[in-house]
Each structure stands twice: as C-alpha cells, then as structure tokens.
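Worksheet: one structure, shown below.
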Amino acid sequence: QGYRVCLFIGAEMLTSREQTDDTTVGNHWVVQRSPMLRQNGNVSFNVFTWGEGDRAVPENPGKPLSVSDFLENFYGYVAAKP
C-alpha cells in the first residue's frame, strides 16, 4: 500500500547461527524490503541491513525462522508513506 516499513529487532535474527536466541532488548533497525510471508508456522522476508539491500530472513532457507523466534526478537516498527 505504498508504505516504507522499518523494523526494530534483535540483530541475532539475521544470522542462522543465532536466529533462535532470545534477546531482551532491540538493538538493530532494518528496512523491510518485501512482504512478510507466513507459512507453516514460519516467516520469511527480505530486509535492507548492513549495506545489503536485499538480505533474506531467514539467512539460510534450510533453517526456517519460526513465528515464535521472530516475535522473541521483534520490538516494533515505524511505517510511513513517502
């Protein structure tokens, strides 16, 4: 619908090795670059972060990111229309 969305997350969500680690506070802003797909209890989407314009979340498609693990590392968002 024309919005730009920034997510406030725990950066651990961005790496396969740490994506299931819970964080206690958000520590990283990313720009959501694709719709968030929810399927079979997992989520996937792309973000702009660390100079990468189209980074996949989860990083490894063979290691899904569960909705629960996403929510343990999600701290809010800002959405605006340009």
Side-chain angles (χ1 to χ4, degrees):
Q1 297 181 5
Y3 284 92
R4 302 284 192 248
V5 180
C6 296
L7 306 174
F8 191 44
I9 63 168
E12 291 78 5
M13 179 192 309
L14 300 174
T15 63
S16 295
R17 186 174 49 108
E18 298 177 312
Q19 75 184 22
T20 59
D21 295 352
D22 298 344
T23 55
T24 56
V25 69
N27 59 13
H28 190 60
W29 283 98
V30 297
V31 178
Q32 188 173 341
R33 300 283 294 163
S34 71
M36 189 173 294
L37 302 176
R38 186 172 170 189
Q39 186 176 23
N40 300 323
N42 299 311
V43 297
S44 61
F45 55 101
N46 290 354
V47 297
F48 182 94
T49 184
W50 296 320
E52 294 179 44
D54 210 22
R55 184 184 181 106
V57 178
E59 177 181 47
N60 178 350
K63 186 177 180 186
L65 178 63
S66 70
V67 171
S68 176
D69 286 333
F70 170 79
L71 292 174
E72 289 292 332
N73 289 287
F74 172 69
Y75 294 92
Y77 70 94
V78 174
K81 282 193 176 188

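For this chain, numbers begin at 1 and follow the sequence in order.
- Judged by distance alone, with hydrogens and angles left aside, the side-chain atoms of Gln32 form a donor-acceptor pair with the main-chain N or O of Ser34 at under 3.5 Å.
- The two residues Ser16 and Asn60 make their nearest non-hydrogen contact at OG-CB, 3.1 Å.
- Atoms NZ and OG1, on Lys63 and Thr15 in that order, are 8.0 Å from each other to the nearest 0.5 Å.
- Residues passing the salt bridge (charged side-chain N to carboxylate O under 4.0 Å, His left out) test with Glu59 are Arg55, sequence neighbours excluded.
- Hydrophobic clustering of Ile, Leu, Val, Met, Phe, Trp and Tyr side chains at less than 4.5 Å, counting indirect connections, keeps Leu65 apart from Phe8.
- Both Val30 and Trp50 belong to a common hydrophobic cluster when Ile, Leu, Val, Met, Phe, Trp and Tyr are linked at side-chain heavy-atom distances under 4.5 angstrom.
- With rounding to the nearest 0.5 angstrom, the OG1 atom of Thr20 is 12.0 Å from the CE atom of Met13.
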Which atom pairs, one a donor and one an acceptor, fall under 3.5 Å between side chains of residues 68-82 and the rest of the protein, sequence neighbours left out?
from, atom 1, to, atom 2, distance (Å)
Asp69, OD2, Ser66, OG, 3.2
Asn73, OD1, Thr23, N, 3.4
Asn73, OD1, Thr23, OG1, 2.9
Asn73, ND2, Asp21, O, 3.0
Asn73, ND2, Asp69, O, 3.1
Tyr75, OH, Thr23, O, 2.6
Tyr75, OH, Thr23, OG1, 2.7
Tyr75, OH, Val25, N, 3.4
Tyr75, OH, Glu72, O, 3.4
Lys81, NZ, Gln1, O, 3.3

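- When hydrophobic residues (I, L, V, M, F, W, Y) are linked wherever their side-chain heavy atoms come within less than 4.5 Å, the members clustered with Val31 are Phe48.
- Of all the heavy atoms in Asn27 and Ala11, the pair that sits closest is OD1-N, 2.7 Å.
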Going through the checks in order, is the side-chain contact (heavy atoms from CB on, under 4.5 Å) test met by Val47 and Ile9?
-> CA-CA 11 Å; Val47 297; Ile9 63 168; over 6 Å; no

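- Interatomic distance, OG of Ser44 versus CZ of Arg38, reported as 12.0 Å (0.5 Å rounding).
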